[in-house]
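Only this structure's heavy atoms are used, side chains among them; waters, hydrogens and symmetry mates stay out.
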Amino acid sequence: PTKDWNRSDYRFYRDLYYCRTRGMELSGLFVRPIVSKLSSWVLGMGVGWKLTNEAAQTALTDWWAAHHADIMRAMRGSLKQGDAWLVINSDLSTTVLPPDTVDPIVAGDDYGQIIGWRVTQVLAHPETTARMTLIDEYYADRRIQTTTIDGRQQSTQTYPNLLGRLQIVHIANALDEGDSFGHPEAEALVELLLRYNTVLEAAIDG
């Protein structure tokens with residue numbers, strides 16, 4: 001295929017970021033400052049907006065300031081794992097989604113055109129073994145939510161999309177030609193980190 005739908009191993013790079021990857025427990029410490037410094041350099045000071053409509057500019061500036069922390073978190077997630085998805089809710093609040101919960105929905109007549117995103121979340125009951133699965137399908141004009149408990153469908157509800165455009169923003173890092181998903185910032189450093197971890201352990205033993 002000329003369009004690549006492959007993704008990075010989100011769990012691997014998340015563990016690498018937190019120094020939980022076998023063989024890179026020490027060298028993984030260098031991934032966090034790489035991610036933090038790049039995201040701070042790009043968005044740390046915020047964004048200055050210049051619009052012809054002064055009221056719109058004020059509203060946009062206020063909205064960005066109120067949600068800057070979530071936007072920064074999504075940016076760090078993109079650098080850390082390759083992809084991040086930020087939901088702009090109907091009330092203009094924001095939600096950052098785990099990247100492994102989001103899948104593309106493509107047009108039936110054009111597999112290269114993404115017309116929506118499917119978000120699958122599994123919620124465990126805190127006191128029983130019951131599991132609830134929420135599947136939200138986001139389109140430009142609607143959101144369809146399906147709820148199942150232990151595999152039995154409970155309800156399907158459709159909500160209008162008041163924004164009139166896709167509510168989910170895909171933030172892909174280092175997107176290459178033909179790619180649909182991004183690449184973690186540390187992807188090219190894995191072999192180096194493995195070798196450097198060996199050096200660090202030998203130094204400690206010495």
If you round to the nearest 0.5 Å, how far is CD of Gln81 from CZ of Arg76?
12.0 Å

Regarding Arg14 and the six-membered ring of Tyr17, is the cationic atom NZ or CZ under 6.0 Å from the ring centre and inside 45° of its axis?
no

Test: side chain to side chain donor-acceptor pair (under 3.5 Å). Region: residues 42-62. Which pairs qualify, not counting sequence neighbours?
none

In short, side chain to side chain donor-acceptor pair (under 3.5 Å) pairs touching residues 105-122 with sequence neighbours left out are Arg118-Glu137

Apply ring pair (Phe, Tyr, Trp, His ring centres under 6.0 Å) to Tyr196 and list each qualifying residue two or more places apart in sequence or on a separate chain.
Phe30

Give a yes or no on whether Val102 and Ile115 share a hydrophobic cluster (residues Ile, Leu, Val, Met, Phe, Trp, Tyr; joining criterion: side-chain heavy atoms under 4.5 Å apart).
no

From Leu51 atom CG to Leu60 atom CG, the distance as rounded to the nearest 0.5 Å
6.0 Å

What is the minimum heavy-atom distance between Ala140 and Asn161, and which atoms define it?
O-ND2, 3.0 Å

May I ask whether Ile171 and Trp85 are part of the same hydrophobic cluster, defined by side-chain heavy atoms of I, L, V, M, F, W, Y residues being less than 4.5 angstrom apart, directly or through others?
no

Hydrophobic cluster membership, Tyr18 vs Leu193, 4.5 Å side-chain cutoff:
yes

Below 4.5 Å, heavy atoms only, C-beta onward: do Val190 and Met24 meet side chain to side chain?
yes

Contacts of Asp141 that satisfy side-chain hydrogen bond (donor to acceptor under 3.5 Å, both in side chains) - sequence neighbours left out
none

With clusters defined by side-chain heavy atoms of hydrophobic residues (ILVMFWY) lying less than 4.5 Å apart, directly or transitively, does Val119 cluster with Tyr10?
yes

At what distance, to the nearest 0.5 angstrom, does OG of Ser180 lie from CG of Asn6?
9.0 Å

Least distance between heavy atoms, Thr147 atom then Leu134 atom
OG1-CD2, 3.3 Å

Do Tyr159 and Gln145 have side chains that get closer than 4.5 Å, going by heavy atoms?
yes

Can you check whether Thr133 reaches Ile149 side chain to side chain, under 4.5 Å on heavy atoms?
no

Determine the minimum heavy-atom distance between Pro184 and Lys80, stating which atoms define it.
CB-O, 3.5 Å

Flag side-chain contact, heavy atom, 4.5 Å: Leu194 against Thr198:
no

side-chain hydrogen bond (donor to acceptor under 3.5 Å, both in side chains) filter on Arg11, not counting sequence neighbours, yields none

Is there side-chain contact between Trp5 and Val106, with heavy atoms separated by less than 4.5 Å?
yes

Would you sort out whether Leu123 and Arg131 count as a side chain to side chain contact (heavy atoms under 4.5 Å, CB included), showing the intermediate values?
CA-CA 6 Å; Leu123 309 175; Arg131 287 179 177 268; over 6 Å; no

For Ala74 and Ala84 the tightest heavy-atom approach is O-CB, 3.1 Å

Looking just at side-chain N and O atoms, do Thr156 and Gln153 make a donor-acceptor pair shorter than 3.5 Å?
yes

Nearest-0.5 Å distance, CG of residue Asp91 to CG of residue Leu163:
9.5 Å

Kindly work out whether a path of hydrophobic side-chain contacts (I/L/V/M/F/W/Y, heavy atoms less than 4.5 Å apart) joins Phe181 to Tyr138.
yes

Name each donor-acceptor pair under 3.5 Å that joins a side chain in residues 94-101 to protein atoms two or more places apart or in another chain, with its distance.
| from | atom 1 | to | atom 2 | distance (Å) |
| --- | --- | --- | --- | --- |
| Thr94 | OG1 | Asp70 | OD2 | 2.8 |
| Thr95 | OG1 | Asn89 | ND2 | 3.2 |
| Thr101 | OG1 | Pro98 | O | 2.7 |

So which atom in Gly44 and which in Met72 form the shortest heavy-atom distance, rounded to 0.1 Å?
N-SD, 4.0 Å

So does Trp64 get a backbone contact from the side chain of His68, meaning a donor-acceptor N/O pair under 3.5 Å?
no

CE-OG1 distance between Met132 and Thr148, expressed to the nearest 0.5 angstrom
8.5 Å

Quick one: which residue pairs count as a salt bridge (charged side-chain N to carboxylate O under 4.0 Å, His left out) with a foot in residues 21-44, not counting sequence neighbours?
none

Mind checking side-chain hydrogen bond (donor to acceptor under 3.5 Å, both in side chains) for Asp176 and listing every partner two or more places apart, or none if nothing turns up?
none

Compare every heavy atom of Ala172 with every heavy atom of Gly182, then report the nearest pair and how far apart it is.
N-CB, 3.9 Å

Return each pair, listed once, that meets side chain to side chain donor-acceptor pair (under 3.5 Å) where at least one residue sits in residues 165-175; pairs must be two or more places apart or across chains.
Asp83-His170, Asn173-Glu185

Could I get the full list of side chain to side chain contact (heavy atoms under 4.5 Å, CB included) partners for Arg152, not counting sequence neighbours?
Asp150, Gln154

Does anything in residues 189-206 pair up under salt bridge (charged side-chain N to carboxylate O under 4.0 Å, His left out), and if so which pairs, sequence neighbours excluded?
Glu191-Arg195

Out of curiosity, Ile88 CD1 to Ile168 CD1, how far, rounded to the nearest 0.5 Å?
10.0 Å

Apart from Leu175 itself, what residues make up its hydrophobic cluster when side-chain heavy atoms of I, L, V, M, F, W and Y under 4.5 Å apart count as a link, directly or indirectly?
none

